[in-house]
Amino acid sequence: MPLYRPPLIAPSEITPEAIYQQRRSLMQGAALAGLAAAMPPLQAAPLPTFYKSRYSTDEPRNSLTEVTSYNNFYEFGTDKGDPADNAHTLRTEPWTVEVSGEVAKARKFDLDSLLKLAPLEERIYRLRCVEGWSMVIPWVGLPLAALLKQVQPTSRGKFVEFTTLLAPEQMPGQKTRVLDWPYIEGLRIDEAMHPLTILAVGLYGKPLPKQNGAPIRLVVPWKYGFKSIKSIVRIRLVERQPTSSWTAAAPSEYGFYSNVNPEVDHPRWSQATERRIGEFLKRKTLMFNGYADEVASLYKGMDLRRNF
Ligand code: MTE
């Protein structure tokens with residue numbers, strides 16, 4: 001018996017594995033596209049016109065793939081790839097944000113009315129995560145101050161508390177106990193009113209992908225990334241400093257301020273350097289993530305080791 005039987009088709013007709021896989025996913029894509037045509041659009045409406053902001057960094061941006069596939073959004077799992085895989089179950093329409101508490105004019109905003117509060121701007125910001133990595137992301141958003149001015153905070157509104165949607169059937173991570181749900185964050189009123197603080201509704205010129213906190217999330221570029229709370233449904237003006245989910249989980253590791261500070265280490269690791277996603281060598285972390293000229297004055301006279 002021959003040890004080698006020639007194939008029944010010519011070698012030139014055999015498709016290499018890689019090309020076979022590529023064709024397969026193309027065909028699956030085509031099948032899905034056919035399906036999508038028959039279904040209502042899943043993608044949010046396009047963003048209104050936006051302007052380029054003078055607050056942007058001119059550093060190279062991370063790619064859309066990096067920005068949308070390496071995420072922290074514990075409502076969808078604790079691995080960096082989990083949000084991209086799982087966030088499709090989040091329903092972002094209809095969506096409202098309730099603004100209440102110490103304000104003269106408490107109000108519920110739908111997304112359309114939020115988008116009309118101020119001209120939208122593209123803001124290219126560095127985001128420094130507490131875990132030691134960073135990215136440069138082209139957000140589209142509006143100053144949080146524009147929303148706060150509408151509701152008129154009273155003199156007792158000294159802090160702002162933000163809350164993410166609570167919906168365990170849409171956010172499977174909320175069925176686990178990794179954090180106390182819903183996710184909560186807070187800012188001092190002057191931090192919230194600062195022109196660098198934005199409510200982001202998009203990135204790379206398109207509505208926010210779900211894994212990045214659709215349809216609306218906070219971005220505070222001089223603080224560690226966890227302050228930038230995603231998928232916000234409530235904003236409350238309060239008299240006392242709110243307790244955030246991370247401070248509640250580990251008060252000695254995550255303080256209220258969480259300003260990026262290379263001189264104050266996390267109890268378990270140094271904060272002096274960071275790895276920009278996509279780069280090999282580490283770079284030095286900058287005070288206030290490089291935004292010291294704009295924000296250092298907010299903390300004049302404060303001991304930043306105690307108020308970490
Ligand atoms: N918001 C909610 N609701 N849940 C989260 O787990 N993770 C935070 C923050 N906002 C988080 C969240 C952390 S730790 C970071 S670093 C940033 O989102 C990441 O934002 P990005 O995935 O858009 O880069």
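Every number for a ligand or one of its atoms is a count from 1 in the order of the listing. Everything numeric here is computed off the predicted structure, so don't read it as measured data. All heavy atoms count here, side chains included; hydrogens, waters and symmetry mates do not.
Residue-to-ligand polar distances place R217 within reach of ligand 1: an N/O pair is separated by less than 3.5 Å. Checked by distance only, ligand 1 and N212 come closer than 3.5 Å through their nitrogen or oxygen atoms. Taking only nitrogen or oxygen atoms, main chain and side chain alike, W246 does not reach within less than 3.5 Å of ligand 1. The shortest N or O to N or O distance between Y74 and ligand 1 is under 3.5 Å. Residue T164 has at least one N or O atom closer than 3.5 Å to an N or O atom of ligand 1.
Heavy atoms of other residues, nucleotides or ligands lying less than 6.0 angstrom from CG of D303 number more than 12. For CZ of R107, the number of neighbouring non-hydrogen atoms (other residues, nucleotides, ligands) closer than 6.0 Å is greater than 12. Counting heavy atoms of neighbouring residues, nucleotides and ligands inside a 6.0 Å radius, atom CG of D180 does not exceed 12 of them.
Among all protein heavy atoms, the one lying closest to atom 16 (S) of ligand 1 is C129 SG, 3.3 Å.
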Could you go step by step and tell me if S53 and S56 meet the side-chain hydrogen bond (donor to acceptor under 3.5 Å, both in side chains) rule?
CA-CA 6 Å; S53 166; S56 289; 4.8 Å; no
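Comparing heavy-atom distances from atom 11 (C) of ligand 1 across Y254, Y70, Y183 singles out Y183 as nearest.
Aromatic ring orientation, Y224 versus F226: parallel (interplanar angle below 30°, classes split at 30° and 60°).
By the criterion of a heavy-atom distance under 4.0 Å, both the backbone and the side chain of F226 are placed next to ligand 1. When heavy-atom distances to ligand 1 are checked against a 4.0 Å cut-off, E185 has no atom that comes that close, whether in backbone or side chain.
Not less than 6.0 angstrom separates the ring centroid of Y291 from the ring centroid of F288.
Residue contacts with ligand 1 leave out S231, since none of its heavy atoms falls under 4.0 Å from the ligand.
Just one of I198, L196, V260 meets the side chain to side chain contact (heavy atoms under 4.5 Å, CB included) condition when paired with P221; it is L196.
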